[in-house]
Undergrad: 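The structure that follows is given in the form of structure tokens.
Lettering follows sequence order; numbering is per chain, from 1.
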2 protein chains.
Amino acid sequence: MRIGELASRAGVSVRSLRYYEEQGLITSTRSAGGQRTYTEDEVERVRFIQRLYAAGLSSRTVLELLPCVDSPSEQNADEAFERMVRERDRISRHIDELCQARDALDRLIDANRAHRASLTPH
Amino acid sequence: MRIGELASRAGVSVRSLRYYEEQGLITSTRSAGGQRTYTEDEVERVRFIQRLYAAGLSSRTVLELLPCVDSPSEQNADEAFERMVRERDRISRHIDELCQARDALDRLIDANRAHRASLTPH
DNA sequence: CTAAGACCTGACACTGACGTCAGATGCAAG
DNA sequence: CTTGCATCTGACGTCAGTGTCAGGTCTTAG
């Protein structure tokens, strides 16, 4: 499959895919004419990367994590493993922050709703 | 209180406070010499703003929300109210995303842990 | 063969929340 | 008064991921 199809199937832009490759997150083979060619597997890989991006991991961090994804048996996966656990914790903390922010908003929303109700009591 | 004290008490940089003021998120009175002066209340306000920032709201969005915070009775709070509800939902969706990413990491972590255990069985 | 559309590389633009620096001024202590 | 730290304004730098444009090439349908 060529880059356009991968882009639409994984839900990212063509530009992003080229950027991911530049960062070493994905690889491609090239056709005779020099165009990138991908296998089915790349779709899931890109989705996975997107998920980590959405969780606030940088491309560099994702890159450091990939050894764990690709082959859990690598010796150098030690660092990656530690990294993965740390990122997991960071995400947990971030979730807590978001919940706090949401709670704060909920309180505001309730306060405003109450005020509105008192204005139009019928 | 001057800007340095507010900064340390609210846990942000002096630069950030000037930026918030520039964006209209906080206000200050000025001393005779032109230095910013703040009341106790600003500490909480800055912490609140920080919380929304941490939740991914932009300064512009925070600005639109502030009418609800300052005076729930404003007529123009209608828009702000809608906005608040939308942001609340966005945060909820973001939390879901983060949980998914965390789950994905957890699966990876477990897979790696299992692999390690199988390498050093004793 | 040809036209159209997908793709290529390379480069610059942009956004947002700051960091950081320069050069000037305010303010409190000795 | 002076020394030194806090503060002032204004401006430019940063970072990361991506948009976008230019000018050229590949691929495929007709």
Side-chain angles (χ1 to χ4, degrees), chain A residues 1-39 42-43 45-66 87 90-91 94 97-98 101, chain B residues 1-39 42-43 45-66 87 90-91 94 97-98 101:
Chain A
M1 127 186 48
R2 290 193 295 169
I3 198 169
E5 188 179 345
L6 177 58
S8 71
R9 287 182 53 189
V12 303
S13 72
V14 167
R15 177 70 177 86
S16 293
L17 291 179
R18 288 201 269 252
Y19 178 74
Y20 296 168
E21 180 172 328
E22 198 181 336
Q23 301 301 309
L25 303 182
I26 57 177
T27 55
S28 63
T29 54
R30 296 301 183 108
S31 75
Q35 300 198 345
R36 291 173 178 83
T37 308
Y38 300 97
T39 64
E42 302 298 318
V43 179
R45 189 183 179 92
V46 171
R47 289 217 182 102
F48 177 74
I49 291 170
Q50 274 293 108
R51 186 158 292 171
L52 295 186
Y53 266 122
L57 277 68
S58 70
S59 66
R60 212 173 135 270
T61 305
V62 175
L63 186 59
E64 292 175 28
L65 256 50
L66 287 179
E87 290 302 325
R90 199 189 53 74
I91 292 173
H94 194 184
E97 281 177 14
L98 287 180
Chain B
M1 125 187 48
R2 289 191 299 170
I3 198 170
E5 187 180 345
L6 177 57
S8 71
R9 286 183 53 188
V12 302
S13 71
V14 167
R15 177 68 176 89
S16 294
L17 291 180
R18 288 199 271 252
Y19 178 73
Y20 296 168
E21 181 171 328
E22 194 180 295
Q23 302 301 308
L25 303 182
I26 57 177
T27 54
S28 63
T29 53
R30 297 302 184 108
S31 73
Q35 302 198 344
R36 291 173 177 84
T37 309
Y38 301 95
T39 64
E42 301 298 317
V43 179
R45 188 184 180 95
V46 170
R47 289 216 183 103
F48 178 74
I49 291 171
Q50 272 293 109
R51 187 158 291 173
L52 295 186
Y53 267 120
L57 277 68
S58 69
S59 65
R60 211 172 137 272
T61 305
V62 175
L63 185 59
E64 291 175 28
L65 256 52
L66 286 180
E87 289 302 326
R90 198 190 53 74
I91 292 174
H94 195 185
E97 280 178 16
L98 286 181

Undergrad: How long is the gap from CD on B:Gln23 to CG on B:Leu63, to the nearest 0.5 Å?
TA: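 The distance works out to 8.0 Å.
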Undergrad: What's the CG-P distance between B:Leu17 and D:dT9, to the nearest Å?
TA: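 Rounded to whole Å, this separation is 13 Å.
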Undergrad: Roughly, in whole Å, what's the span from CD1 in B:Ile49 to P in C:dA17?
TA: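 B:Ile49 atom CD1 is separated from C:dA17 atom P by 12 Å.
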Undergrad: Does C:dG26 have OP1 or OP2 sitting under 4.0 Å from an N or O in the side chain of B:Ser31?
TA: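 So the side chain of B:Ser31 is outside the cut-off, no N or O lying under 4.0 Å from OP1 or OP2 of C:dG26.
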Undergrad: Is the phosphate of C:dT25, meaning OP1 or OP2, less than 4.0 Å from a side-chain N or O of B:Arg30?
TA: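 B:Arg30 to C:dT25 OP1/OP2: no side-chain N or O under 4.0 Å.
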Undergrad: What pair of heavy atoms forms the shortest contact from B:Ala10 to B:Val46, and how long is it?
TA: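 Distance-wise, the nearest heavy atoms are CB-CG1, 3.5 Å.
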Undergrad: Treating primed atoms plus P, OP1 and OP2 as sugar-phosphate and everything else as base, which nucleotides of nucleotides 14-25 of chain D get B, S or - for protein heavy atoms under 4.0 Å?
TA: --SBBBB-----
Undergrad: Round to a whole Å and report the spacing from CG of B:Leu63 to C1' of C:dG16.
TA: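 Roughly 15 Å, once rounded to whole Å.
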Undergrad: Taking atom CG of B:Leu6 and atom CG of B:Leu17, what is their separation to the nearest 0.5 Å?
TA: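 The distance works out to 4.5 Å.
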Undergrad: Do the side chains of B:Glu21 and B:Arg18 get close enough for a salt bridge, i.e. N-O under 4.0 angstrom?
TA: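 Salt bridge absent between B:Glu21 and B:Arg18.
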Undergrad: In whole angstrom, what separates A:Arg18's CZ from C:dC7's P?
TA: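 It is 8 Å, rounded to the nearest whole Å.
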Undergrad: List the residues meeting side-chain contact (heavy atoms from CB on, under 4.5 Å) with B:Thr27, not counting sequence neighbours, and say none if there are none.
TA: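 For B:Thr27 there are no side-chain contact (heavy atoms from CB on, under 4.5 Å) partners, ignoring immediate neighbours.
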Undergrad: Expected output is a numbered-order residue list: members of residues 1-9 of chain A with a heavy atom under 4.0 Å from any atom of DNA chain C. What is it?
TA: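 DNA chain C contact set from residues 1-9 of chain A: A:Arg2, A:Ile3, A:Gly4.
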Undergrad: Who pairs with B:Arg9 by side-chain contact (heavy atoms from CB on, under 4.5 Å), at least two apart in sequence or on another chain?
TA: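 Partners of B:Arg9 under the side-chain contact (heavy atoms from CB on, under 4.5 Å) test: B:Met1, B:Glu5, B:Glu40, B:Val43.
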Undergrad: Between A:Arg36 and C:dT9, does any side-chain N or O lie under 4.0 Å from OP1 or OP2?
TA: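 Result: yes.
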Undergrad: My understanding is that only residues two or more places apart in sequence, or in another chain, count here; which of them pass side-chain contact (heavy atoms from CB on, under 4.5 Å) with B:Arg45?
TA: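 side-chain contact (heavy atoms from CB on, under 4.5 Å) check on B:Arg45 returns B:Ile26, B:Glu42, B:Ile49, B:Leu66, B:Asp70.
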Undergrad: Sequence neighbours excluded and cut-off under 3.5 Å, please list the side-chain donor-acceptor pairs for residues 53-60 of chain A, or say none.
TA:
from: A:Ser58; atom 1: OG; to: A:Arg60; atom 2: N; distance (Å): 3.4
from: A:Ser58; atom 1: OG; to: A:Thr61; atom 2: N; distance (Å): 3.1
from: A:Ser58; atom 1: OG; to: A:Thr61; atom 2: OG1; distance (Å): 2.9

